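All of these numbers come straight from a predicted model, not from anything done at the bench. Chain naming here is simple, since letters A, B, ... match the order of the sequence lines and numbering starts at 1 in each.
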Amino acid sequence: MRPGSVAIVGAAETTELGRIPDQSQLQLHADAALNTLADAGLTPADVDGVATAGESPTGVAHYLGITPTWVDGTAVGGCSFMLHVRHAAAAINEGFCKTVLITHGESGRSRIGRGGFSRPAASLQGQFEAPFGTMGAPSTFTIPVLRYMKKYGVTEEQLAMVAVVQREWAARNPRASYRDPIDVDDVLSSDMIAYPFRKLMCCLVTDGGGALILTSAERARDFPQRPVYVIGTGESVETPMVSQMEDFTTSRAFRVSGRAAFEEAGIAHGDVDHLMIYDAFAHLPLYGLEDLGFVGRGEAADFVEERNTAEGGKLPLNTNGGGLSYMHSGMYGMYALQESVRQLRGTAPAQVKDARISIAHGVGGMFAASGTIVLSNEAR
Amino acid sequence: MAESRRPLPRPTPETQHFWDGTRERELRLQRCDACSQVYFPPRPFCPACASRKVSVFAASGRGTLYSYVINHRAPPGSGFEPPYSIAVVELDEGPRMMTNIVGVPQTPEALQLDMPVEAVYEDFTDQITLPFFRPLEAS
Ligand SMILES: [Zn+2]
């Protein structure tokens, strides 16, 4: 991608977040899409590219009445939307389409109109992980962390601090699911889910959605909202089996994706004003800070404890409250991108003053995949 | 036979040797004839060098505890009684595999990272025997 050649000109979430039992998952995609089209001053007829995960792009395009000349159904988990942004930028540059709509909708809590979680018994996960009692993310995504904690001497109190700081951000966000202040003791006395993870170290389970509209930087100036330019992108995958990660203390997919995004953007870490790291669980921001290179190996827990990622710190992180306190429908990556866009438009509830460059870094599956997007509100 | 409500594997042609092995109380891994890489999970080629010349061999069944969680949430009828460990063992031959640590209290104090463990086998059906691990007796 040519850095800055494509911009986000529409961004919005579903009208409601949290519990939405009166809408199917497909309708959540549509609600987010309609809000986003309105944000950009467009109608479905103006869209010629569709990307989505969780539902098929065919289903979303037909439901919205769109006739696309380009689609992307990349579905590698919660970071799929980061990959869609990357692929859409390439497609727009290549002339496959002019106006791309990326949608997410997920009835994660109410489970209206969505399929279940299944691992076929003949798949490698079905043969070599499921028989030992992995039951979704809380008992699977969490398995590497004891190795990380032992290697770097990270304590349960430090893990809890990740949730505490994010709740401080959430307290400033009227749309956040959890806004009451918590301290380390609250986290460490909450219910044990999968040792060492307590309930308040685990993400929410909610309903919601979000969507983005991308077009070329040349056209972006004609839209009502301040354009947010895509200046760096990365993606990678490692393994669908958490037990087969190369190293339980670092994610190869994070490192590869992050490095590509930084190199493409041509920026240094000190240039980054705002950061979103997909936080399905409290250890993910720690892995992300290290694997993206913001801190050295084993330094992330101290970095968070010293309030560098909190309000007034040098690297505001997960300023919407994150998956731990804002919302988490299952594939959270879209909400990380939405918060980056809000920060660069200057419209975030917990606005970072003069933010010019924001990074949204996502994970898919249980350290299985990753996508990284560097955004700027300044044209290149 | 043990209870069998837990999800049991369905072997494929590429993994059948592993499940034949556990039924016979052997942990069968594969080694590349070209580059000597030992690997898991099974496949009929080497993930390090892509050679199709690979051999199955019986591993020692010994390793160390690499990482784990103790799961406290499992729905009734799932085949699991919480709290139970979901662990990853690093085998002496190199590869890692998921398992449960058995024969020991399911507590952080009893489950120390890097402690030596050995495979034990439990039959669930005529076809499927799962490999679990227990602390290696100091001898
Ligand atoms: Zn080889």
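Between the side chains of Gln106(B) and Ser85(B), a donor-acceptor pair is found at a separation under 3.5 Å. Checked by atom type, the side-chain pair Asn100(B)/Arg6(B) shows a donor-acceptor distance below 3.5 Å. Counting only N and O atoms by type, the side chains of Glu235(A) and Ser370(A) include no donor and acceptor under 3.5 Å apart. For the residue pair Gln25(A)/Ser107(A), the side-chain donor-acceptor check at 3.5 Å is not satisfied.
Pro138(A) approaches Ala194(A) most closely through the heavy-atom pair O-CB, 3.4 Å. Counting all heavy atoms, side chain and backbone alike, Val242(A) lies closest to Met366(A) at CG2-O, 4.0 Å.
The ring of Tyr178(A) has its center no closer than 6.0 angstrom to the ring center of Tyr326(A).
Between His328(A) and Tyr332(A), the angle of the ring planes stays under 30°, which puts this pair in the parallel group of the 30/60° scheme.
Of residues 247-256 of chain A, those residues lying under 4.5 Å from chain B by any heavy-atom pair are Asp247(A), Phe248(A). Using a 4.5 Å heavy-atom cut-off against chain A, the contacting residues of residues 41-54 of chain B are Pro41(B), Pro42(B).
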Next item on the list: Given salt bridge (Lys or Arg N to Asp or Glu O under 4.0 Å), test Asp186(A) with Arg167(A) step by step and report yes or no.
Entry: CA-CA 12 Å; Asp186(A) 292 328; Arg167(A) 183 61 65 84; over 6 Å; no
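Neither the backbone nor the side chain of Pro95(B) comes within contact range of chain A; no heavy atom of the residue lies under 4.5 Å from a heavy atom of that chain. For a residue to count as touching a neighbouring chain, one of its non-hydrogen atoms must lie under 4.5 Å from one of that chain's; by this rule Gln125(A) does not touch chain B. For Phe40(B), the parts sitting under 4.5 Å from any heavy atom of chain A are the backbone and the side chain alike. In this structure, the portion of Leu124(A) lying under 4.5 Å from any heavy atom of chain B is its side chain and not its backbone. Heavy atoms closer than 4.5 Å to chain A are found in both the backbone and the side chain of Ile86(B). Only the backbone of Val145(A) comes within contact range of chain B, judged by heavy atoms closer than 4.5 Å. Contact annotation for Met245(A): only backbone heavy atoms (N, CA, C, O) come within less than 4.5 Å of a heavy atom of chain B. Of the two parts of Glu129(A), the backbone and the side chain both hold a non-hydrogen atom closer than 4.5 Å to a non-hydrogen atom of chain B. Of the two parts of Tyr84(B), only the side chain, counted from C-beta on, holds a non-hydrogen atom closer than 4.5 Å to a non-hydrogen atom of chain A.
Among the candidates Pro196(A), Pro144(A), Ser123(A), the residue making the largest number of heavy-atom pairs closer than 4.5 Å to chain B is Pro144(A). In terms of heavy-atom pairs under 4.5 Å with chain B, the best-connected choice from Gly133(A), Gly126(A), Ala130(A) is Gly133(A). Highest contact tally toward chain A, considering only Thr12(B), Val89(B), Leu113(B), Leu65(B), is held by Leu113(B) [criterion: heavy-atom pairs under 4.5 Å].
A salt bridge between Asp114(B) and Lys150(A) is present, with a side-chain N of the basic residue lying under 4.0 Å from a carboxylate O of the acidic one. Under the 4.0 Å criterion applied to side-chain N and carboxylate O atoms, Arg111(A) and Asp207(A) are not assigned as salt-bridge partners.
For Glu14(B), the CD atom sits in a packed shell: over 12 heavy atoms of surrounding residues, nucleotides or ligands are nearer than 6.0 Å.
Figure legend: cation-pi geometry between Arg25(B) and Tyr121(B) absent, as NZ or CZ is not positioned both under 6.0 Å from the six-membered ring centre and within 45° of its axis.
Side-chain contact between Met97(B) and Phe18(B): present, with at least one pair of heavy atoms (C-beta onward) separated by less than 4.5 Å.
For the atom pair Arg73(B) CZ and Ser78(B) OG, the distance stands at 13.0 Å (nearest 0.5 Å).
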